[in-house]
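Here the structure comes first, spelled out in C-alpha cells, and everything after it is commentary.
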Amino acid sequence: MTKPVTNAAAGSSLVTIKDLRKTYIMGDEQVHALDGVDLTIDRGEFLAVLGPSGSGKSTLMHILGFMDKATSGKISFEGEDVSRISASRRAWYRANRVGFIFQAFNLLPRLSVLENVLLPMRYSRSKIHDAKARAEQAIARVDMTHRIHHRPSQLSGGERQRVAIARSIVNQPGIILADEPTGNLDSKNVGRILDLLDSLLVEGLTVIMVTHDLGVADHARRIISMRDGKVQEDRRR
Amino acid sequence: MNIFAAIINGLRELWANKIRSLLSMSGIILGVAALIAMVTVVQGMMGGFRKFVELQGGIEKISIAKDDLPKEQEHLSALSVGITMRDVKAIEVGAPLVRYIAPEIRAGWERITRPGNEMNTRVTGVTPDWLPVNKRKLATGRFIADLDLLQKTNVAVLGAYTADVLFTEHEDPIGQTIKIRGTQFVIVGVLEPVEPPGQPSRGNQRRGSRSGINRWMNNDIYIPLQTAISRYTGNDTLTTLNVSVAKAEDVIYAVPQIENILIQTHDGLQDFSINTNETMLAEFQKTEASFTFSLGGVAGISLFVGAIGIMNVMLASINERIREIGVRKAIGARGSDIFFQFLAEAGVISCLGGIIGLGVSFGIIFAMNMILSNALPDAATSTVKPVIMLAGLAFSMGVGLLAGIYPAVRAAKLDPIEALRYE
C-alpha cells in the first residue's frame, strides 16, 4: 500500500455540502440519487469516493463538478453559495474552477494534444495572452511534450490520460474531479497516473476521485463510501 | 470561443467529412450558380437591350412610317401617299410636345468613289434634327444645316466606318470630295462611331476598317433632305419620320397628338404606323420578368434543397458528436458556445458552397455567352458584377445559417451528463 500524500495547504474548507438531495422522477416513482449528504472537503485533500452502482457517487460528482443541480440542500464552493446559480455561471465554474478527468479520457479525436489542452482556455471567458505557453507548460507537467502535435489516436491509454490531466489543470482549477481515472489503464500506467495526481496535491489542488478499485482508493487520504444516496462511511487516514 | 476558432473548427469538420460535406453543399452550389447566372444574364440582356434602345434614339423617340391600310380602307389605297413633308409641317405646328422632328429619305445603296478608293454605302437624306433625334454625335466637322436644305447643297456627312474605309488615318476627310452616282459632294463632317451592344471586337467587322470600327450603324452617308429629293427620289415622300419628345414621360401624350394630326393630314386614311421604343422596352421587360421568375424559381428551389441538405448533415454531425459536445460542456462550454460552433460549421459549409457555386456560375455564364455569340454576333454578353457575386455569397451564407439554427439549438440544449454517457 502506498503512503498517502498530504498537502501543506490543507485545512481550510473548499466545499461544504449540507443535506444535499437529488431526486429523479421516473414515471410515478421518485428515485433519490442523493438522500441528504453532508460533507466538508478541505483544500488539498485527496478524497476517494467508493460505492456500488446506483449509490449516488456519480451524481455527487456531477453536482460537485457543476454539471448538475441538486434538488435541495446547500453547497458552498470556495466560500460562495453555489446552490442556486445559473447555467451560465455553472459553465464558468466548470471552465475555471473545476478540472475533469474521465475514465474514457474524452479527448477530442480531431484535435492534437496541444489543441486539446488549449480548449478549456477558449471557454474560460477571460483573455489569456499566454494560452499556448500555459498549455505547453501543462503538457510538460505530465511529460507529454514529445507528443504535443500528435492526435489522441496516436497515443497509448496512459498517454491519453496524462493529456487529459494536462487539460484538467491548464486553467488552474481549485478542484480535480476524476471519474475512474485508472479504469481503462494497465497497472504500470495506474501507478503513473496516481503519482501524477499525488503531485497535483502537493501543488495545492484538491482531488476527488470516484473509483471501484479499493487499491486505487487506498491512495487517497480520505475515503468515503456511499450507498443508496447516503454517505455510509467517511474514513480519514 | 471566438469566430476565428469556430471557422477553423468548421473547416476541420468539413475536411474530415469531405464527401458528405460536398453532397450537402450541392444544393447551395446549384442554387448560388443559378442565382448568379440568372441575375447576370438577365442584367446583361437588359443592359444590352437598353443600349440598343439608346442607339435607336432612346425611349423619347417616336417613329412614324407608312403602313398598310386597315381592311375597311383597303379600297382607298390609291389615295394613300405615305408620309410626306406635309405631315412634317403639320406636326411642327400641331404637336407642341414634339421637340425634334427628323424626316428621312433613304436614297438606297450607292457606289461611292474618290480617287484611288471606292465602296458601297447607304445614302440618306436628313435634316439637322436627325442628330438629336438619333442621339448621335459628330466626331469632326459639322452636320447638315438649315441652309443646306434651303440651297440643296451637295454636302455630305460620313459615318465613322465609311470615313475609315475611304480615307487613310493621315487624311482629313473634311473639305474633301466624293462622288455619289457621279455627282460631287463635299464632306463637311464625320460622325462618331457607335458600338453595338456586346463585345466590339467580336462584331461584324469587315475588311477595310483599319481601326476596327463596327460596320453596323457606321456605314452611312448623310446628305441634305432636299438634295436627296431633287437628286434621287423626285418627290417628298419620306422613308421614315422620326420625332423625339423632351421627356420620356411625354411619349404617351405625344403619340395621340401625332396620331390626330396624321389622321387629319391623311384625310382619315390610317396608312401610317406610330412606334415607340417604349413599347419595345415594355415587351422586353415582360421577357425579363418571365426569365427572372423561371430562373429565380430554379435558384429558390435549389437553395431550399441546399438548406435541407445542410440541416440534414448538421443533424447527422451532431448525432455523431454528442460525446464531444458533452466533453466541451464539461470543460466549460456554455450552450451559446456550442450553438455558435455548430452555426459556424453550417456557415462554413454554405459559404464554401457559395464560393464553388460562384465558380460554377462563371462556367454557366461563359457557356451562355459562347452560345449567344455564335447565334447572334452583335448580342450583348454578360459579365458577373462584384455586387452580384457578393449578393450570391451573402444569400448562400444566409440560407446556410438559417438551416444551421435548428441543429445548433439542438446541440446547445444537450445535457452534458447525458452527452458524456452517450455511446
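Just the heavy atoms: all of them, side chains too, but no hydrogens, waters or symmetry mates, feed the values below. So you know, we letter chains A, B, ... as the sequences are listed, proteins then strands, and number each from 1.
Environment of CD in A:Glu136: crowded, with over 12 heavy atoms of neighbouring residues, nucleotides or ligands closer than 6.0 Å. Atom OH of A:Tyr24 sits in a crowded spot, with more than 12 heavy atoms from other residues, nucleotides or ligands closer than 6.0 Å. Atom CG of A:Asp228 sits in a sparse spot, with 12 or fewer heavy atoms from other residues, nucleotides or ligands closer than 6.0 Å. Within a 6.0 Å sphere centred on CD of B:Glu320, other residues, nucleotides and ligands contribute more than 12 heavy atoms.
Only the side chain of A:Phe102 comes within contact range of chain B, with heavy atoms under 4.5 Å apart.
Once rounded to the nearest 0.5 Å, the distance linking CZ of B:Arg328 with CZ of A:Arg94 reads 14.0 Å. A distance of 13.5 Å separates CZ in A:Phe100 from NZ in B:Lys329, rounded to the nearest 0.5 Å. Separating the CD1 atom in A:Ile63 from the CD1 atom in B:Ile417 is a distance of 8.0 Å, to the nearest 0.5 Å. In this structure, the separation between NE2 on A:His62 and CG on B:Leu420 is 7.0 Å, given to the nearest 0.5 Å.
Among residues two or more places apart in sequence or in another chain, the salt bridge (Lys or Arg N to Asp or Glu O under 4.0 Å) test is passed with A:Arg97 by A:Glu78. Shown here are the salt bridge (Lys or Arg N to Asp or Glu O under 4.0 Å) partners of A:Asp35, two or more places apart in sequence or in another chain: A:Arg21, A:Lys230.
Residues of residues 12-25 of chain B lying within less than 4.5 angstrom of chain A, judged on heavy atoms, are B:Arg12, B:Glu13, B:Ala16, B:Asn17 in numerical order. Against chain A, no residue from residues 388-413 of chain B qualifies, as none has a non-hydrogen atom under 4.5 angstrom away.
The minimum heavy-atom distance between B:Ala333 and A:Ala91, with the atom names listed, is O-CB, 4.2 Å. When every heavy atom of B:Arg323 is checked against every heavy atom of A:Ala104, the shortest pair comes out as NH2-CB, 3.4 Å.
When A:Met121, A:Arg167, A:Arg110, A:Met67 are compared by the number of non-hydrogen pairs under 4.5 Å with chain B, A:Arg110 comes out ahead.
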